[in-house]
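One structure is given below, encoded as structure tokens.
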Amino acid sequence: MDELAFMEPARERLRSALQQLPARARRAFLLHRLEGLSHAEVAERLGVPVSVVGQDVREALAHLKRAVLAGGPWKSTT
Amino acid sequence: MTGPEEDREPTPRTAEGWVTREHSGRMTAGDRRALIEWLAQSPENTRDYTRADVVWRMCGGLSSMPEVQAELEDIRRSVTVPEALPPPEKGTPRRHWLWLIALSLPLAAAVVIWYARTPSTELVTAPGEQRSVTLADGSLVAMNTDTRLRVELGRRSRLVTVENGEALFQITPDGDRPFTVRARQAMLRAVGTRFDVMVESKQVTVAVLDGEVEVSRRNEPEAARTIVHQGEAVALSGDGELTRADPLLASADRIRAWRAGKLDFDDWPLERVVRDHNRYAVKPIRVADASLQRLHVSGVFRIGDTTALLDAMRELTPLAVRDEGDEFVLVPLAAERENPERR
């Protein structure tokens, strides 16, 4: 009905994309992004090397970006 | 502390690599030069970087989703409660951590002011400015953008008048000296409490985060008197009527966000987003088309970062942005395509 409300679909896509992430990557991303923990602190929490946290956070963001931007009118690269 | 592989992280090669590097707190001067070079390599890099950045900001809004809260709670429980004896608590418990960060943000530079011999002191912030002030009685006043306060601390009373804008009060109890806040028609009496007062034209919104506050009409303290409890909010209109507070303005999330120097919109109507942004901005945003009023948006932005807000609008909504010199105007993308010259 409200064809202008694209932001809400974007948020829904973000939500479902988050659930598609592997558990470790999702946890690393949430702890870093929302709780403000550094990569080193996240690594300690989850018991993985710091380099893995960096990679998880990066790949999580890449996945969420692809999901959020998929299919909208903003996709046209003109 | 860190293994050899973490000592020198490789230079990012992707947009999300750069965005996460920037937020890791490990961005070096060399990285910054490399980023500028990388962005200049192709318009696609710049575009991709903007998108990754927009999504990073959007993710700030994940914290309001119940399943995300549940997962974080899970992690907290599973990791912070060891089976053996708990280790001695180092520093502050995690729960309070974000709030402390908010208090220590550099933009809220704390100032201690002594009023002992000053009958009345005026405190002002400019648009976009925030400031934290510790009063001589130990009470803390955090001032939001474009705010004017008058402070009078006497031997028997403490009075702060909110002439304009918004302030968050954290009151130090003192049985001998009641703490009163005046704003337009509203008079508030507080005892050891934390509450937010916002003046928007003639309306006053009071939201209580801790403790309770007695709200009454300024000239008739016995009339319309009400107690506002923790987690509640009321509004007082220009003619002194008590009304329900606008839930968007009264939300604890909004107050926490501004204290942290952020705008946090969770499904806000576009018109409100723009109005809130404009409180902080030197160059305002205007919504040109009434049909856009129904558009709802979500996101978290740094206060004063108009560019990021407009980027998000461009990327994630069917809106175009026109820079008209003294203001930005939001128009439907379709209208802009059909008739770019239309005013």
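None of these values were measured; they are calculated from a predicted model.
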Exercise for the section: Measure across A142(B) and W258(B) and return the closest heavy-atom pair with its distance rounded to 0.1 Å. Expected result: O-CH2, 3.3 Å
Handout entry: Criterion side chain to side chain donor-acceptor pair (under 3.5 Å) on S298(B) and D267(B), from CA distance to verdict
Key = CA-CA 5 Å; S298(B) 302; D267(B) 202 25; 4.7 Å; no
Exercise for the section: Return the option, out of L319(B), V300(B), L62(B), L270(B), with the maximum number of heavy-atom pairs under 4.5 Å with chain A. Expected result: L62(B)
Completion exercise
Turns out that what part of D53(B) lies under 4.5 Å from chain A's heavy atoms comes down to neither
Problem - Atom CZ of R302(B): over 12 foreign heavy atoms under 6.0 Å - result: no
Problem - Salt bridge flag under 4.0 Å for residues R256(B) and D264(B) - result: no
Practice task
Please step through ring-ring contact (aromatic ring centres under 6.0 Å, His included) for the pair H23(B) and W56(B), ending with a clear verdict.
Solution key: CA-CA 10 Å; H23(B) 291 282; W56(B) 175 270; 4.5 Å; yes
Practice task
Select one option (side chain, backbone, both, neither) describing which atoms of L72(B) are under 4.5 Å from chain A's heavy atoms.
Solution key: side chain
Problem - Heavy-atom contact with chain B under 4.5 Å, split by part of Q19(A) - result: side chain
Fill in the blank from the handout: Interface check, chain B: of R58(A), H32(A), R33(A), most non-hydrogen pairs under 4.5 Å belong to R33(A)
Practice task
Select, from Q55(A), H39(A), R26(A), E59(A), the one with the greatest count of heavy-atom pairs under 4.5 Å involving chain B.
Solution key: R26(A)
